[in-house]
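Taking it in order: structure first as structure tokens, then the write-up.
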Amino acid sequence: MAVCTVYTAQSLNSISTPPKTHLKFNQKQVLFYSTTKKTAKKTEISCSAEDKTVVIGLAADSGCGKSTFMRRLTSVFGGAAEPPKGGNPDSNTLISDMTTVICLDDYHSLDRTGRKEKGVTALDPRANNFDLMYEQVKAIKEGTAVEKPIYNHVTGLLDPPELIKPPKIFVIEGLHPLYDARVRDLLDFSIYLDISNEVKFAWKIQRDMAERGHSLESIKASIEARKPDFDAYIDPQKQYADTVIEVLPTQLIPDDNEGKYLRVRLIMKEGVKYFNPVYLFDEGSTISWIPCGRKLTCSYPGIKFTYGPDTYYGHEVSVLEMDGQFDRLDELIYVESHLSNISTKFYGEITQQMLKHADFPGSNNGTGLFQTIVGLKIRDLYEQLTASKTAAPLEATKA
Ligand SMILES: Nc1ncnc2c1ncn2[C@@H]1O[C@H](COP(=O)(O)OP(=O)(O)OP(=O)(O)O)[C@@H](O)[C@H]1O
Ligand SMILES: O=C(CO)[C@H](O)[C@H](O)COP(=O)(O)O
């Protein structure tokens with residue numbers, strides 16, 4: 001355990017000005033008065049800065065697989081994610097032992113009627129309260145609980161707020177986690193799910209017709225109505241993401257428009273602290289690999305992996321791509337054993353995770369595979385970040 005030197009007031013009651021900084025030590029909030037150093041009492045205590053919350057941002061349009069990704073991510077950290085106990089049954093929050101996932105729809109400043117009256121969509125920044133989003137994400141990151149609003153998707157109204165306590169890993173998912181520069185700067189890691197229009201359309205039709213009773217025409221109309229704001233406010237966020245999962249129609253079947261087979265690209269930014277991009281065979285080389293053969297069963301149209309360096313919005317990136325789908329998920333171990341920097345804790349962990357959630361959408365293709373890999377990379381990043389934060393105060397004391 002690191003040792004921290006803390007200057008506390010002799011008596012907290014004697015302090016009339018607001019504290020400069022809040023630090024969290026051994027589960028307790030300690031007020032740290034850097035400006036009152038002369039009069040304050042100097043104490044050395046063991047300090048556990050590992051309590052600090054790591055903040056992850058996941059951006060995507062509605063119906064693009066955020067919930068599915070979240071289920072894979074929270075599973076990597078263990079324990080099931082549940083809505084807050086005894087809270088609003090329409091809460092959008094999911095809590096597990098290590099993680100709390102909030103949906104940024106809760107920062108809509110206009111309810112459904114308000115948006116209709118003003119003629120704006122939920123994607124429009126004018127329908128969202130970024131000041132509050134920033135204040136509350138910052139507070140959580142600093143270890144302070146917040147009363148977060150709830151946007152009720154059933155009624156279309158803003159409900160009374162719910163208490164959110166700082167977890168170890170705080171995930172903010174939704175339309176705008178990377179839109180506001182202040183919120184963006186609070187993120188320790190960010191992901192953008194980039195689903196091409198063709199694929200988005202196929203997924204939305206499948207869900208909204210089967211589960212929500214919408215007609216094909218109304219789904220088409222809703223996608224068209226959102227498109228200008230999607231292009232203006234949501235899509236540009238992908239340039240800021242540390243990792244993008246891009247989902248496109250297959251190239252294995254010429255002019256395919258059935259949407260059954262997908263080409264999925266994992267675009268990983270180089271130079272991100274605590275994040276080493278995954279590679280296939282040889283780091284930095286350009287590789288094309290058709291693994292179908294003795295160890296991997298592939299029916300038509302087969303499977304193709306590619307890997308190599310590229311640039312994305314002016315950033316150096318590594319891109320791992322999978323086109324096609326697995327016939328047998330247990331054989332994924334063959335592919336896993338050829339990937340490096342995957343941040344697994346034991347041989348076959350990716351395959352085990354994929355088999356565990358074989359019923360989730362995308363488990364037989366690159367969407368499930370890459371979401372699982374990103375989950376493992378986030379766990380690794382969390383472990384490195386907390387280890388470094390624990391060590392950091394000791395360094396400060398030495399200085
Ligand atoms: N990887 C995938 N492969 C195939 N279909 C998928 C995949 N991911 C999601 N879908 C489809 O898209 C639908 C929406 O997925 P999900 O609920 O995870 O998205 P979401 O972004 O959380 O949506 P919303 O924000 O509207 O709640 C699912 O019901 C499923 O039909
Ligand atoms: O883009 C969305 C993100 O989930 C929703 O459409 C937005 O939050 C508005 O919700 P609703 O349609 O339930 O009023």
Side-chain angles (χ1 to χ4, degrees), residues 58-74 81 90-94 101-117 120-125 127-129 149-159 171-177 179 191-196 198-212 214 218-219 221-223 225-227 229-230 233-235 245-250 258-266 322 324-326 354 357-372 374:
L58 173 68
D61 195 6
S62 158
C64 285
K66 295 186 297 289
S67 314
T68 310
F69 183 22
M70 280 305 118
R71 287 196 289 164
R72 289 191 197 278
L73 175 69
T74 46
D90 296 329
S91 165
N92 302 307
T93 301
L94 287 173
V101 181
I102 64 155
C103 175
L104 297 179
D105 294 350
D106 289 334
Y107 293 99
H108 289 337
S109 50
L110 297 175
D111 63 13
R112 207 174 280 157
T113 313
R115 292 194 301 271
K116 209 167 176 187
E117 280 168 5
V120 294
T121 71
L123 297 85
D124 191 313
N128 295 278
N129 187 343
I150 298 176
Y151 177 72
N152 188 323
H153 281 280
V154 179
T155 61
L157 298 170
L158 289 157
D159 282 353
V171 185
I172 58 169
E173 63 97 344
L175 297 170
H176 302 102
Y179 183 83
I191 308 119
Y192 184 93
L193 298 182
D194 187 9
I195 315 299
S196 65
E198 302 94 314
V199 176
K200 198 193 289 187
F201 193 57
W203 288 1
K204 215 163 165 58
I205 286 174
Q206 181 195 322
R207 182 187 66 173
D208 290 0
M209 282 181 82
E211 296 172 20
R212 302 190 177 177
H214 297 179
S218 73
I219 298 167
S222 130
I223 291 179
R226 289 169 71 99
K227 185 129 189 352
D229 282 354
F230 173 79
Y233 309 119
I234 312 303
D235 191 61
I245 298 180
E246 195 174 75
V247 184
L248 304 150
T250 183
E258 201 190 331
K260 185 174 172 203
Y261 303 100
L262 300 174
R263 178 164 75 101
V264 187
R265 287 158 52 83
L266 179 62
M322 176 184 164
Q325 66 181 40
F326 300 110
M354 291 282 283
H357 302 301
D359 56 330
F360 286 8
S363 288
N364 62 351
N365 63 37
T367 58
L369 175 62
F370 294 161
Q371 287 178 3
T372 303
V374 173

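Both counts, for ligands and for their atoms, begin at 1 and track the order of listing. Hydrogens, waters and symmetry mates are skipped; everything else that's a heavy atom, side chains included, is used. Start at 1 with the first residue, then count along the sequence.
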Side-chain (T74) to main-chain (M70) donor-acceptor, under 3.5 angstrom: yes
Between CZ on residue F230 and CG on residue L175, distance to nearest 0.5 Å: 9.5 Å
Residue part near ligand 1, for T367, under 4.0 Å between non-hydrogen atoms: side chain
S62 N/O to ligand 1 N/O under 3.5 Å: yes
Residue selection (non-hydrogen contact nearest atom 20 (P) of ligand 1) among K66, K204, K200, R71: K66
Protein contact of atom 14 (O) of ligand 2 - nearest heavy atom, named by residue and atom, plus distance: Y151 OH, 2.6 Å
Identity of the nearest option to atom 23 (O) of ligand 1, non-hydrogen atoms only, from A60, G362, G63: G63
L175 contact mode with ligand 2 (heavy-atom cut-off under 4.0 Å): side chain
Distance-only side-chain donor-acceptor flag, H153 / D90, under 3.5 Å: no
Ligand-side contact atoms (ligand 2) for residue partner R226, heavy atom cut-off under 4.0 Å: 1 (O), 2 (C), 6 (O)
H176 side-chain N/O to I234 backbone N/O, donor-acceptor pair under 3.5 Å: no
side-chain contact (heavy atoms from CB on, under 4.5 Å) between N152 and L158, worked out: CA-CA 6 Å; N152 188 323; L158 289 157; over 6 Å; no
Backbone of L110 reached by a side-chain donor or acceptor of R115 within 3.5 Å: yes
Ligand 2 contact on H153 by region, counting heavy-atom pairs under 4.0 Å: both
Partner of Q325 by side chain to side chain contact (heavy atoms under 4.5 Å, CB included), out of L262, T250, N365, T367: N365
Per-atom contacts of ligand 1 with T68, taking only distances under 4.0 Å to non-hydrogen atoms: 16 (P), 18 (O)
Enumerated ligand 2 atoms positioned under 4.0 Å from heavy atoms of A122: 7 (C), 9 (C)
Check ion pair D61-R226 (N to O, under 4.0 angstrom): yes
Atom 9 (C) of ligand 2 [closest protein heavy-atom partner, distance rounded to 0.1 Å]: R115 NH2, 3.3 Å
Contact check, C64 vs ligand 1, heavy-atom distance below 4.0 Å: yes
Proximal ligand 2 atoms for D105, defined as those under 4.0 Å from one of its heavy atoms: 3 (C), 4 (O), 8 (O)
Where ligand 1 meets S67 - atom numbers and elements under 4.0 angstrom, heavy-atom basis: 17 (O), 18 (O), 20 (P), 22 (O)
Side-chain donor/acceptor of S109 to backbone N/O of N128, under 3.5 Å: yes
Heavy atom of the protein closest to atom 8 (O) of ligand 2 (residue, atom name, distance): H108 NE2, 2.7 Å
Polar side chain donor-acceptor pair, R72 to S363, under 3.5 angstrom: yes
